[in-house]
There are 2 protein chains.
Amino acid sequence: MTTQPAGTPAPRRNPLSKELVLRTAVTLADEAGTGAPSMRRLAERLGVESMSLYHHFRNKDVILDGMVDLVFAEIELPSDDVEWRAAMRQRAVSMRGALIRHPWAISLMDSRSSPGHATLRHHDAVIGCLRSGGFSIAGAAHALSLLDSYIYGFTLQELSLPFRSPVELEDVAGPILEQIPRDKFPHLTEMIVDRALKPGYAYTEEFGIGLDLILDGLQRQRESWP
Amino acid sequence: MTTQPAGTPAPRRNPLSKELVLRTAVTLADEAGTGAPSMRRLAERLGVESMSLYHHFRNKDVILDGMVDLVFAEIELPSDDVEWRAAMRQRAVSMRGALIRHPWAISLMDSRSSPGHATLRHHDAVIGCLRSGGFSIAGAAHALSLLDSYIYGFTLQELSLPFRSPVELEDVAGPILEQIPRDKFPHLTEMIVDRALKPGYAYTEEFGIGLDLILDGLQRQRESWP
DNA sequence: GGTTCAGCCTTACGGCGTAAGGCTGAACTG
DNA sequence: CAGTTCAGCCTTACGCCGTAAGGCTGAACC
């Protein structure tokens with residue numbers, strides 16, 4: 001609660017802080033699931049009118065920037081007391097976790113352009129870990145590009161699929177399969193049927209398979225990059 | 001342009017068609033670069049009022065679905081007279097091309113849920129190519145997930161970076177570098193400086209490096225997946 | 001005691017998606 | 001032929017949105 005010590009109507013009511021506004025915005029976005037909250041709803045939750053927010057933020061874009069940076073702040077930095085491979089794996093898992101916890105974050109990122117402090121610190125730590133692990137500058141750039149691409153892309157697809165578990169998959173896949181001429185997309189239907197029948201299928205497992213394949217490749221190429 | 005063929009028995013004053021509306025929507029989105037056009041602007045370009053569009057589409061969402069499907073229709077299907085690896089490489093390059101030509105497409109995809117005809121055909125062809133190449137169902141699923149994740153993620157990052165060429169990179173990186181305490185993110189600044197000075201750096205090359213690493217890994221694992 | 005100014009509010013504008021319902025004229029019915 | 005239907009388009013209106021312009025209040029400083 002942001003209440004005032006029950007004394008007077010007169011003392012300065014405790015002012016907004018960028019911190020508080022951004023944390024509230026993240027909370028609202030998480031609750032709604034429909035992306036960033038409107039300025040009106042955000043202000044309402046803060047017990048304030050929407051225009052008051054413009055005294056602390058030039059426009060909505062810098063609020064979105066701040067929200068994205070808060071998400072980056074949640075990602076575990078790679079620890080330096082571990083091999084680069086283990087550190088990168090942990091970082092990837094942590095990053096996917098953060099992006100899944102805040103499903104609006106990925107969609108926001110591609111419209112953002114000025115990275116925040118936590119974002120920069122994150123990238124710096126990742127590059128540093130790779131460099132310590134024996135990667136050249138170019139090699140670290142390749143590894144970073146590849147890993148981040150995979151993490152973003154995997155999570156993007158995970159979030160866009162309309163089911164979260166195999167049970168729901170069956171519910172979703174059933175109607176689609178019936179609606180589609182079955183012999184028109186034979187490979188697709190075959191795969192859906194096959195995967196839907198496997199009760200153990202889960203995103204986390206699939207994520208790990210691709211991730212390990214990439215890490216294997218990086219390990220193999222590490223010293224061949226100039 | 002959109003005139004009726006002379007022979008048709010029922011020549012209404014030339015009506016809108018879903019085809020035309022969707023193609024116009026894609027064109028407008030490409031022109032503006034700001035995502036999907038509003039119903040009002042789309043109608044205006046078609047010489048019509050916005051509400052008329054609702055006679056052909058239940059709501060805006062199905063227009064967005066159609067736009068995404070048009071983008072998928074642009075992606076070359078893997079040709080069956082080529083090795084799976086070459087086919088997958090070509091498909092990846094073509095897909096990145098389509099996503100770059102229509103920068104709004106990726107952001108739309110994660111809010112869409114019902115795939116169109118071209119999308120289904122595309123997935124079916126890719127899976128079929130992998131199956132013919134010796135992948136098991138599970139293996140094809142892994143390969144598809146990995147490749148698509150990489151393509152989506154790479155393109156997402158490429159589109160979100162605020163520069164298109166090394167020259168622009170320098171323009172962008174310069175101010176950032178000055179603004180940031182240089183010794184606070186040493187690895188990051190080192191990498192930016194290093195990459196910015198290399199005139200040959202380009203997205204296409206970077207995309208290929210990660211892609212080939214993934215294809216190598218897939219080739220190696222192909223027969224080890226159940 | 002007067003001035004300044006951070007912090008909040010009010011009002012208003014143009015844009016958005018779309019619900020509800022009206023008009024028009026071609027195509028079919030008898 | 002007149003009468004009916006209905007696809008195709010338009011008008012109006014509602015409640016959202018981001019934010020420009022400007023006003024009020026009271027604490028802090030000279």
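Letters A, B, ... are given to chains in the order of the sequence lines, protein chains preceding strands, and every chain is numbered from 1.
Residues satisfying the ring pair (Phe, Tyr, Trp, His ring centres under 6.0 Å) criterion with B:H117, sequence neighbours excluded, are A:F185. Checked against side chain to side chain contact (heavy atoms under 4.5 Å, CB included), B:R112 has the following partners two or more places apart in sequence or in another chain: B:D61, B:L64, B:D65, B:V68.
A residue-by-residue look at A:H55 and A:M51 shows that A:M51 has its nearest nucleotide of DNA chain D further toward the 5' end.
A heavy atom closer than 4.0 Å to some atom of DNA chain C occurs in B:N59, B:K60, these being the qualifying members of residues 58-66 of chain B.
The local environment of CZ in B:R121 is sparse, with at most 12 non-hydrogen atoms from other residues, nucleotides or ligands closer than 6.0 Å. The 12-atom threshold is not exceeded at CZ of A:R41, counting heavy atoms of other residues, nucleotides or ligands nearer than 6.0 Å.
Using a 4.0 Å heavy-atom cutoff across all strands shown, A:S52 reaches at least one base atom of the nucleic acid.
Remark: C1' of C:dC9 and CG of A:L46 are 15 Å apart, rounded to the nearest angstrom. Rounded to a whole Å, the CD atom of B:E49 is 15 Å from the P atom of D:dA13. Rounded to whole Å, atom P of C:dT10 lies 17 Å from atom OH of A:Y54. Rounded to whole Å, atom P of D:dG15 lies 14 Å from atom CZ of A:R41. Following rounding to the nearest Å, B:L42 (CG) and C:dG15 (C1') show an atom-to-atom distance of 16 Å. Nucleotide C:dT11 holds its C1' atom 17 Å from the CE atom of A:M39, rounded to whole Å. D:dC9 atom C1' lies 16 Å from atom CD of B:E44, rounded to whole Å. Rounded to an integer number of Å, the gap from CG of B:L53 to C1' of C:dA19 is 15 Å.
Of the charged side-chain nitrogens involved, at least one lies within less than 4.0 Å of a carboxylate oxygen, so that A:R91 and A:D148 count as a salt-bridged pair.
Pair assignment for C:dG15 gives D:dC16, based on Watson-Crick or G-U wobble hydrogen-bonding distances that are each under 3.5 Å. C:dG22 is paired with D:dC9 under the criterion used here, namely a Watson-Crick or G-U wobble arrangement in which both key atom distances are under 3.5 Å.
Taking the ring centre of A:F154 as origin, the terminal cationic atom of A:R96 falls outside the region bounded by 6.0 Å and 45° from the ring axis.
Interface remark: the B:R40 side chain does not form any donor-acceptor pair with the C:dG15 base, using a distance-only criterion of under 3.5 Å.
For the atom pair A:L188 CG and A:I192 CD1, the distance stands at 4.0 Å (nearest 0.5 Å).
Ranking C:dC8, D:dC9, C:dT18 by closeness to the B:S50 side chain, first place goes to C:dT18.
Between C:dA6 and A:H56, no contact under 4.0 Å exists linking OP1 or OP2 to a side-chain N or O.
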